[in-house]
Amino acid sequence: MSLVNVHTEWDPLEEIVVGTMEGARMPIVDRSLLATEFPDIDDPQKIPTGPYPAQVAEETEAELEALADLLTGLGVTVRRPGGRDHKSIVSTPDWSTDGFYDYCPRDGFLAVGDAIIESPMVLRSRWLEGFAYKDLFLEYSDSGARWLSAPKPQLTDDMYEPTAPPGQRLRDLEPAFDAANILRFGTDLLYQVSDSGNKRGARWLQSVLGPQYTVHPCENLYTSTHIDSTIVPLRPGLLLVNPARVNEDNFPDFLRGWDRIVCPELVDTGFVGDHPKSSVWIGMNFLVIAPGKAIVDKRQTGLIRELERHGVEVIPSQLTHSRTLGGGFHCVTLDVRRAGELATYR
């Protein structure tokens, strides 16, 4: 039986991958990093490169271990990638870079049904991120899962326009998207068209998944990177939405029948250095482990009260440096098996 089986963001969780900070670093500044992560920085020399501060890496790895232990205690099978040497240089005929991190497995990989999909990631520094998970994906493939990989993007300079308006910095020359641009609602998948995912990427994903699924490319929803601090499905028929990004004009049509909780003001949990990788909305980036049950940053007391007011059971935990590193509980995990069957939730 395939070890991979996921249809939604909320079905009861059975197996998950938790990332690692081993070898993590900020990569060499190049055109892809400027367009995707730091478009508002006018002087590239102000962008930090090299290993993360030791305190940040050590505290985060300890918190990832604590998250893994928490999930294990809840009966979830937890898998971890091995660390890598991210300072090694990767080159193609078009560019050279070093690596980034394996902190956020959600960014590069997507489980849909019995398939594990490697996405054509937008950052050059993450071009070979799948190598960190190769042994695990081989195991999933041996169990009967379908292991798919998108066409490797060339990522030439023409793919990026760092000075363009938000949402137009990634060009539509070849399929490119981060898996964290996608949310699963059974037979429907929300796909965020933005600086971290283009329309060709949405069309490729639709072609691979076939007519059983509908990929909904959503434009003007959130123009920057990733969807999981903008809309969070909590259980069938109930969403948490970001009031700074979501409105009646850009709300996905297939979700208009769902009830919405408007996310309250979040606690600014701070960051190390001059340039955080995430806004305060990273507090919305939590992990739903069953319908109406979620692991949420314990510092977000207002959010926790609002969720509980709507019948959501909250399990508190913490990722101290989520703004510094650009990843909350949803980002740092990759759910590969949830109990449940494929259904339509419109």
Side-chain angles (χ1 to χ4, degrees), residues 3-4 6 9 12-26 50-87 99-109 111 116 126 129-137 139-140 179-180 226 228-229 267 269-273 276-278 282-290 293-300 304 313-338:
L3 292 175
V4 176
V6 183
E9 304 291 329
L13 184 62
E14 295 181 341
E15 183 163 340
I16 198 163
V17 181
V18 174
T20 179
M21 277 296 290
E22 186 175 343
R25 62 191 291 113
M26 279 297 296
Y52 283 98
Q55 181 181 358
V56 170
E58 291 166 6
E59 290 179 351
T60 302
E61 187 61 34
E63 289 173 339
L64 291 172
E65 289 282 355
L67 175 61
D69 290 343
L70 172 61
L71 289 163
T72 299
L74 294 169
V76 178
T77 299
V78 177
R79 314 300 294 272
R80 304 291 304 276
R84 293 186 296 147
D85 180 10
H86 287 282
K87 68 178 181 293
F100 198 168
Y101 58 21
D102 301 314
Y103 172 67
C104 291
R106 180 80 54 179
D107 293 357
F109 312 100
I116 191 83
R126 307 187 77 169
E129 195 154 321
F131 284 1
Y133 305 87
K134 183 176 180 180
D135 289 344
L136 184 57
F137 290 173
E139 181 182 338
Y140 290 154
H226 308 162
D228 43 7
S229 293
V267 175
T269 54
F271 56 90
V272 175
K277 286 188 82 273
S278 295
I282 197 69
M284 282 183 64
N285 192 285
F286 54 80
L287 179 66
V288 176
I289 61 173
K293 185 175 182 178
I295 297 174
V296 182
D297 192 309
K298 64 184 180 183
R299 297 167 293 181
Q300 300 297 344
I304 290 172
E313 179 184 351
V314 172
I315 301 172
S317 191
Q318 183 166 318
L319 285 172
T320 301
H321 301 292
S322 55
R323 288 199 67 194
T324 302
L325 298 171
F329 294 113
H330 194 255
C331 288
V332 304
T333 56
L334 172 66
D335 47 345
V336 295
R337 191 170 70 254
R338 290 178 180 264

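Every value quoted in this text rests on a predicted model; they were computed, and no experiment measured them.
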Enter the distance from [X]:[atom1] to [Y]:[atom2] here, rounded to the nearest 0.5 Å.
X      : Y      : atom1 : atom2 : answer
Leu67  : Ser317 : CG    : OG    : 5.5 Å
Glu15  : Leu3   : CD    : CG    : 5.5 Å
Leu70  : Ile295 : CG    : CD1   : 4.5 Å
Leu287 : Glu9   : CG    : CD    : 9.5 Å
Arg337 : Glu14  : CZ    : CD    : 5.0 Å
Gln300 : Gln318 : CD    : CD    : 10.0 Å

Tyr101 and Tyr52 aromatic ring geometry - parallel, tilted or perpendicular at 30°/60° bounds: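 Tyr52 and Tyr101: parallel rings.
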Which atom of [X] lies closest to which atom of [Y], heavy atoms considered:
X      : Y      : result
Leu319 : Tyr103 : CD1-OH, 4.0 Å
Ala132 : Pro81  : O-CB, 3.7 Å
Phe329 : Phe286 : CB-CA, 4.1 Å
Gly82  : Asp102 : O-OD2, 4.1 Å
Arg80  : Gly19  : NH2-O, 2.7 Å
Ala179 : Arg106 : CB-O, 3.5 Å

Would you say the side-chain atoms of [X] pair up with the backbone N or O of [Y], donor to acceptor, closer than 3.5 Å?
X      : Y      : value
Thr333 : His330 : yes
Asp335 : Leu13  : no
Arg338 : Val6   : no

Minimum side-chain heavy-atom gap Ile315-Leu74 below 4.5 Å: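 Ile315 vs Leu74: side chains touch.
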Side-chain heavy-atom pair Leu71, Ile289 within 4.5 angstrom cut-off: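 Counting from C-beta outward, Leu71 and Ile289 do come under 4.5 Å.
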Side chain to side chain contact (heavy atoms under 4.5 Å, CB included) against Pro53, all qualifying residues, sequence neighbours excluded: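 Counting only residues at least two positions away or on another chain, Pro53 forms a side chain to side chain contact (heavy atoms under 4.5 Å, CB included) with Val56, Val272.
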Derivation of the side-chain contact (heavy atoms from CB on, under 4.5 Å) call for Asn285 and Ser322: CA-CA 9 Å; Asn285 192 285; Ser322 55; over 6 Å; no
Side-chain donor-acceptor contact under 3.5 Å, Thr20 with Glu61: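 Present: a donor and an acceptor within the cut-off.
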Stepwise side-chain contact (heavy atoms from CB on, under 4.5 Å) test for Arg84 and Glu129: CA-CA 10 Å; Arg84 293 186 296 147; Glu129 195 154 321; 4.0 Å; yes
Test salt bridge (charged side-chain N to carboxylate O under 4.0 Å, His left out) applied to Lys293 - qualifying residues, sequence neighbours left out: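 Lys293 satisfies salt bridge (charged side-chain N to carboxylate O under 4.0 Å, His left out) with no other residue.
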Pair His226-Cys104, side-chain contact (heavy atoms from CB on, under 4.5 Å): steps then yes or no: CA-CA 12 Å; His226 308 162; Cys104 291; over 6 Å; no
Residue that, paired with Thr320, satisfies side chain to side chain donor-acceptor pair (under 3.5 Å) out of Gln55, Arg299, Glu63: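 Of Gln55, Arg299, Glu63, side chain to side chain donor-acceptor pair (under 3.5 Å) with Thr320 is met by Glu63 alone.
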